[in-house]
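Please read these numbers as outputs of a predicted model, since none were measured by experiment. We name chains A, B, ... by the order of the sequence lines, and we start the count at 1 in each one.
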Number of protein chains: 4
Amino acid sequence: MPKIVNHRQRRAEVVEAARRIILREGIEAATTRAIAREAGYSNGVLTHYFADKDDIMLSALRSSHRRIVERLRGKLTGRTGLDALRELLLDNLPLDEERAQESRLEIGFWGRALTGPAMLQAQRAEAGELRYLVRSLLGAAADAGEIGTAEDLDDVADRLLALVDGLSVHRLLYPDRLGVDRLRRLLGAELDRLRPPGG
Amino acid sequence: MPKIVNHRQRRAEVVEAARRIILREGIEAATTRAIAREAGYSNGVLTHYFADKDDIMLSALRSSHRRIVERLRGKLTGRTGLDALRELLLDNLPLDEERAQESRLEIGFWGRALTGPAMLQAQRAEAGELRYLVRSLLGAAADAGEIGTAEDLDDVADRLLALVDGLSVHRLLYPDRLGVDRLRRLLGAELDRLRPPGG
Amino acid sequence: MPKIVNHRQRRAEVVEAARRIILREGIEAATTRAIAREAGYSNGVLTHYFADKDDIMLSALRSSHRRIVERLRGKLTGRTGLDALRELLLDNLPLDEERAQESRLEIGFWGRALTGPAMLQAQRAEAGELRYLVRSLLGAAADAGEIGTAEDLDDVADRLLALVDGLSVHRLLYPDRLGVDRLRRLLGAELDRLRPPGG
Amino acid sequence: MPKIVNHRQRRAEVVEAARRIILREGIEAATTRAIAREAGYSNGVLTHYFADKDDIMLSALRSSHRRIVERLRGKLTGRTGLDALRELLLDNLPLDEERAQESRLEIGFWGRALTGPAMLQAQRAEAGELRYLVRSLLGAAADAGEIGTAEDLDDVADRLLALVDGLSVHRLLYPDRLGVDRLRRLLGAELDRLRPPGG
DNA sequence: AATGAATGAGATTTCATTCAT
DNA sequence: CATGAATGAAATCTCATTCAT
């Protein structure tokens with residue numbers, strides 16, 4: 001009988017190693033050698049489980065997103081509409097070290113995506129889920145009368161997503177100017193503005 | 001007799017070469033050799049005028065910012081308050097190929113800044129000017145009664161800057177979703193919301 | 001109870017797989033992994049049946065030769081002397097895709113043989129059969145009076161064999177110059193020259 | 001003043017190093033590292049003078065051909081027609097160690113040529129010169145009445161070239177069967193057969 | 001006997017940096 | 001000052017071979 005290893009699990013181990021390195025040291029530090037070492041294997045293993053480096057990197061990106069969504073799922077249970085949306089968007093801001101690292105990872109991938117079409121394609125595929133979720137919550141909030149009727153929900157969705165990403169970048173680059181509390185306040189105010197006039 | 005060369009000018013030539021390459025082919029294509037060639041000099045000159053590659057890259061970033069400000073100066077003459085602010089922010093969006101390249105450069109540098117403290121420090125130093133300008137224009141707009149008194153101008157400034165950067169990233173990553181007209185509209189709506197209620 | 005497997009047959013399966021790959025994709029594409037996959041086994045089996053990769057490759061060479069001889073056997077039945085010889089030599093020319101692949105395989109092995117003594121030794125062992133066959137047919141042809149008495153049959157044999165291999169190489173390298181018809185004609189003329197003057 | 005090196009000469013040094021390795025140890029031993037070491041430089045130099053490894057290898061092939069032609073030039077002065085042709089073809093046979101290595105190099109490149117279109121193209125370009133020379137000498141020999149009128153000179157040219165290459169391969173693979181004298185004799189006989197009947 | 005996971009060496013290529021001239 | 005040759009490390013990828021199960 002051969003040594004049985006769970007193929008999916010081994011892939012996951014390596015991907016997690018890659019994710020850890022990117023979070024800890026940045027996307028440029030994630031060389032194949034470093035990834036193999038972090039995973040506790042030799043360089044050669046990567047061959048067995050991945051087509052090439054991009055395969056690893058994109059898997060790491062997907063893994064990061066999956067983790068975020070997983071964490072969100074917990075936070076969103078029991079919440080609906082604007083309340084859920086606030087939670088979602090706050091969770092996407094780098095308000096603690098863990099999420100700061102996630103944002104760093106994300107921003108690193110932006111740079112890669114603008115380099116070549118393969119990464120760009122993958123990045124786009126990844127983005128859909130979050131956008132859909134935000135749009136859905138906005139729809140629910142509107143149905144519940146939490147949002148003024150003057151607002152175009154698609155516009156609101158894209159504005160909020162852009163704001164969150166922009167604030168994330170600025171928080172990482174200029175942490176002194178954008179403290180945690182300020183970030184919360186800015187986002188909160190943005191959401192409060194959605195409420196109907198007479199609310 | 002030492003050969004007299006204009007040190008400042010030579011540096012500038014190389015920096016411009018670096019900037020051109022980054023805009024044209026991306027930050028990863030900006031190797032020292034490519035930069036030297038683009039500048040029309042040999043590899044060796046770089047040693048004389050720059051401490052290392054980071055020195056060149058950061059100078060290129062500064063140069064890009066200087067050019068943007070230069071261009072803005074022209075666009076803002078004769079404008080004041082919200083009108084000027086709108087012009088400024090629109091100019092920061094990737095609404096044409098030139099500005100798309102500038103955004104790409106910027107985003108590429110974000111990734112680098114999050115890699116090490118040297119790049120980060122430089123990036124921070126660069127950000128001040130734009131922020132100051134936005135804040136000033138907001139102040140003038142408020143003084144002219146173009147902005148509702150309920151708004152905290154510092155918050156507005158950071159919100160607008162974050163929104164512009166976020167929209168820039170999303171426009172580059174998801175151009176289908178964020179067309180040029182939509183980008184204009186989203187930003188315009190954001191500015192319109194600043195006006196005092198009875199305006 | 002040990003599992004009973006037909007050792008000889010398993011070897012043959014792997015060797016055939018190797019031969020197919022070399023024919024189809026060239027000698028460089030015949031990696032151990034590719035061979036194992038083509039054979040429908042895991043990498044590990046190779047260890048049990050072959051000393052090392054060379055062992056596989058040489059066996060593949062022998063297999064190719066055996067197949068060629070097999071095919072020849074069919075074509076030569078009922079033929080004798082010069083007629084049989086013509087058939088044999090034509091069969092060794094890359095006149096269709098199948099035989100072009102065989103020639104490619106052969107030429108690839110020439111390169112390998114000139115690399116180390118092990119491959120060379122094996123190659124030599126392989127060559128004897130064909131040479132013997134050609135020489136025998138020449139002898140029979142001479143006995144039948146189909147060949148002029150002035151010819152030294154050993155010389156003729158080596159000349160024909162060299163010509164066939166040389167034409168094969170040139171056909172593969174310069175197919176435009178050496179079309180199928182031309183190849184046939186060149187070889188045919190060579191054989192016709194063997195006939196006795198008064199024939 | 002910069003260190004002045006003759007670019008062409010440095011390229012030549014590396015190419016010669018590559019050629020020496022291929023002659024001495026075979027085409028597979030000619031790794032970029034081995035070539036750099038043999039040339040007495042570090043790996044990095046190759047970048048300055050060659051686009052990639054193929055560039056080096058093809059240059060080595062051309063260099064080998066140039067050397068052969070150079071050597072031929074000396075041998076052919078004062079000779080014409082069949083006499084010159086005999087000299088040319090003999091020079092292409094591996095009759096001494098130097099020419100045996102040249103043949104080995106050539107055969108190694110055949111294998112590479114059949115692997116990919118780039119090498120094949122280059123190989124073809126290289127082959128033209130020799131073929132043209134042989135054809136020209138045959139034409140001169142025919143004009144001088146040294147060749148029987150029944151022969152098609154293009155056919156003869158290709159037959160001779162194929163024979164020489166075939167004999168070269170067989171001499172390297174089966175040196176015991178094809179000694180130096182025998183090789184000379186076989187080729188000589190082939191040329192003698194060209195003479196007009198009444199000659 | 002058979003698996004296939006794992007190794008680790010080695011191949012090509014790229015690049016920032018150094019330095020003799 | 002300026003050149004550009006040269007370095008050598010590092011990156012990605014490939015592959016024959018080994019070995020625990």
Between [X] and [N], does any side-chain N or O lie under 4.0 Å from OP1 or OP2?
| X | N | result |
| --- | --- | --- |
| R37(C) | dG4(E) | no |
| T32(D) | dT12(E) | yes |
| Y41(B) | dC1(F) | no |
| R33(B) | dT17(E) | no |

For [X] and [N], give me the distance from atom [atom1] to atom [atom2], rounded to whole Å.
| X | N | atom1 | atom2 | answer |
| --- | --- | --- | --- | --- |
| E28(C) | dA16(F) | CD | P | 11 Å |
| I56(D) | dA11(E) | CD1 | P | 13 Å |
| N43(A) | dT14(F) | CG | C1' | 12 Å |
| I35(B) | dT3(F) | CD1 | P | 16 Å |
| I27(A) | dA11(F) | CD1 | C1' | 15 Å |
| Y49(A) | dC13(F) | OH | C1' | 17 Å |
| D54(A) | dA11(F) | CG | C1' | 14 Å |
| K53(C) | dT17(F) | NZ | C1' | 12 Å |

Between E16(C) and R19(C), is there a side-chain N and carboxylate O pair less than 4.0 Å apart?
yes
Do the side chains of R11(A) and D55(A) get close enough for a salt bridge, i.e. N-O under 4.0 angstrom?
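Judged by the 4.0 Å cut-off on N to carboxylate O distance, R11(A) and D55(A) do form a salt bridge.
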Please name the residue in the list H65(B), Q121(B), R66(B) that meets the side-chain hydrogen bond (donor to acceptor under 3.5 Å, both in side chains) test with E126(B).
H65(B)
What nucleic acid atoms does [X] come within less than 4.0 Å of, heavy atoms only: base, sugar-phosphate, or nothing?
| X | answer |
| --- | --- |
| S42(D) | base |
| F50(B) | nothing |
| T31(A) | sugar-phosphate |

Across all strands, who's sitting opposite [N] as a Watson-Crick or G-U wobble pair, both distances under 3.5 Å?
| N | value |
| --- | --- |
| dT12(E) | dA11(F) |
| dA20(E) | dT3(F) |
| dA1(E) | none |

Side chain of H48(C), base of dA2(E): donor and acceptor closer than 3.5 Å?
yes
So which one's nearest nucleotide on DNA chain F is more toward 5', A51(A) or G40(D)?
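Taking each residue's closest nucleotide, the earlier one in sequence belongs to G40(D).
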Using only atom types and a distance under 3.5 Å, with no angle test, would you say the side chain of K53(A) pairs donor to acceptor with the backbone of A30(A)?
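Answer holds: yes.
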Keeping Q123(A) on the side-chain end and F109(A) on the backbone end, is there a donor-acceptor pair under 3.5 Å?
yes
Let me spell it out: for each of D52(D) and G44(C), pick the nucleotide of DNA chain E with the closest heavy atom. Which residue's pick is nearer the 5' end?
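That would be G44(C).
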Let's go through M119(A) and L58(A) carefully: what are the C-alpha distance in whole Å and the side-chain angles of both, what is the deciding distance for side chain to side chain contact (heavy atoms under 4.5 Å, CB included) to 0.1 Å, and is it a yes or a no?
CA-CA 8 Å; M119(A) 276 277 183; L58(A) 289 175; 3.6 Å; yes
